[in-house]
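Convention: sequence-line order gives letters A, B, ...; per-chain numbering from 1. Model, not experiment: these values are computed from the prediction.
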There are 2 protein chains.
Amino acid sequence: MTRTSLNHFHCSMARTADIIGDKWSLLILRDVFLGSKTFSQFQKNLGVARNILSDRLDKLVRNEILERRRTRPGVERYSYHFTDRGSELVPVLIAMMQWGDRWIFGEGKEPLELNDQKTGRPIQLIKVLSADGKPLANDEMSASPGSGADSSILTSFHGKRSKVSD
Amino acid sequence: MTRTSLNHFHCSMARTADIIGDKWSLLILRDVFLGSKTFSQFQKNLGVARNILSDRLDKLVRNEILERRRTRPGVERYSYHFTDRGSELVPVLIAMMQWGDRWIFGEGKEPLELNDQKTGRPIQLIKVLSADGKPLANDEMSASPGSGADSSILTSFHGKRSKVSD
DNA sequence: CAGTATCCTCGCAGATACTG
DNA sequence: CAGTATCTGCGAGGATACTG
């Protein structure tokens, strides 16, 4: 990838992956999510090369995921923040973290705990809901035993499948 | 990335990104999610080079995201399916798709619709829930206006922040 | 501090031919 | 069909020096 852009795919996944589907972008977003704001914070936390960091931040700003603000007038001091668009990416980040918590770090591995800032309530679950807002039995998402017969998660869909390869 | 592995990060996001955070893997998973099963289906749908596809499938199988099954005994005919571990990645995929539906393809752009296979109910929302299962007002996730003062999504957290860079 | 500029290297990705 | 093998090259990524 990267060599070829995914823009020609009429697929939200592909387009989204094209924007945030690289590791540094993902890690930068995670870092923003966890409170980092400045170039040097990112650089220090992630250990990424400065030019790469610069490039990624630029891309995220151009794609309106992050917004760059001057912290003090006159001085070269900036901070990065989620835009609306960007903050709605948080569920993606949380979903990834939760998966990792569960499947990479095991039971006793003290996963990252997140609290909602306003209510103080812990955030622990991300769920796929049906249109009416009722939770879809989560079992259905992961019910099929790995070696089961015909694992059928969510296979039916409507939309342009035909143009997948173009 | 890719050059350096993310294994040394004690961070679920980083580790998850290391496994599925590249575009072809993501697209393969999407394709599995939408019903593709075989090497040639992937190859045809995605237009990816065969060696790359082979490599990614291998990696996904090694990481126990996908499982390879022989469809007919004796014949070289295989199919790929989600494992338990893999199927729990579906929320990540859905979260990405939804974000793309909303922010890349606009209102009138007919986003992909997904139906739950068993109930037939449409799946449209993915939500972050608090530990008690109650929905966290979704506004809190995206409330801060892009240019607002101090956009505070979910900033508090507990866990090993210290080891971020090592 | 917050980047840009430069150089160099390695590996991802593409194309194509071949095999069981 | 489902890959493996090989060859090539672009460009992502790293390191470091420099600038406003």
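Counting only N and O atoms by type, the side chains of H81(A) and S79(A) include a donor and acceptor under 3.5 Å apart. Between W103(A) and E88(B), the side chains place a donor N or O and an acceptor N or O closer than 3.5 Å (distance only, hydrogens not considered).
The CG-P distance, from L60(A) to dG3(C), rounds to 13 Å in whole Å. As rounded to whole Å, 14 Å separates atom C1' of dC12(C) from atom CG of D22(A). In this structure, the CG atom of D58(A) is 12 Å from the C1' atom of dA2(C), given to the nearest Å. Between the CD atom of Q43(A) and the C1' atom of dA15(D) there is a distance of 11 Å, given to the nearest Å. Atom pair F39(B):CZ and dG20(C):P shows a separation of 17 Å (rounding to whole Å applied). When the P atom of dA2(D) is taken as reference, atom CD of Q41(B) falls 8 Å away, rounded to whole Å. Taking atom CD1 on I28(A) and atom P on dG3(C), their separation rounds to 11 Å, with Å as the unit.
Across all strands shown, the partner of dG20(D) is dC1(C), judged by Watson-Crick or G-U wobble contacts whose two distances both fall under 3.5 Å. The nucleotide dC7(D) finds its pairing partner in dG14(C), both defining distances of the Watson-Crick or G-U wobble pair being shorter than 3.5 Å.
Distances were taken from every side-chain heavy atom of R77(B) (C-beta onward) to each of dA2(D), dG14(D), dA2(C); the shortest belongs to dA2(D). Proximity note for S40(B) (side chain, C-beta onward) versus dT4(D), dA5(C), dC1(D): the nearest is dC1(D). Of the candidates dT6(C), dA2(C), dA2(D), the closest approach to any side-chain atom of E76(B) belongs to dA2(D). Distance from the side chain of I52(B) is smallest to dG14(C) among dA2(D), dG14(D), dG14(C). Distance from the side chain of Y80(B) is smallest to dG3(D) among dG3(D), dG14(D), dT4(C).
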task = Check the pair N51(A) / S54(A) against side chain to side chain donor-acceptor pair (under 3.5 Å), numbers first and verdict last.
result = CA-CA 5 Å; N51(A) 50 348; S54(A) 179; over 6 Å; no

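Remark on DNA chain D: of its neighbouring residues A49(A) and Y78(B), the 5'-side contact belongs to Y78(B), judged by nearest-heavy-atom nucleotide.
Linking Ile, Leu, Val, Met, Phe, Trp and Tyr whenever their side-chain heavy atoms come within less than 4.5 Å puts V61(B) and V32(B) in one cluster.
In the interface, the side chain of N51(B) is paired with the base of dG14(C) through a donor and an acceptor atom under 3.5 Å apart. If you check distances only, the side chain of R50(A) does reach the base of dA2(C) with a donor-acceptor pair under 3.5 Å.
Residue contacts shown for F42(B) are absent, as no nucleic acid heavy atom lies under 4.0 Å away.
Within the 4.0 Å cut-off from OP1 or OP2 of dG3(D), not a single side-chain nitrogen or oxygen of S54(B) is found.
Test D31(B), L34(B), L93(B) against M13(A) for side-chain contact (heavy atoms from CB on, under 4.5 Å) and you get one pass: L93(B).
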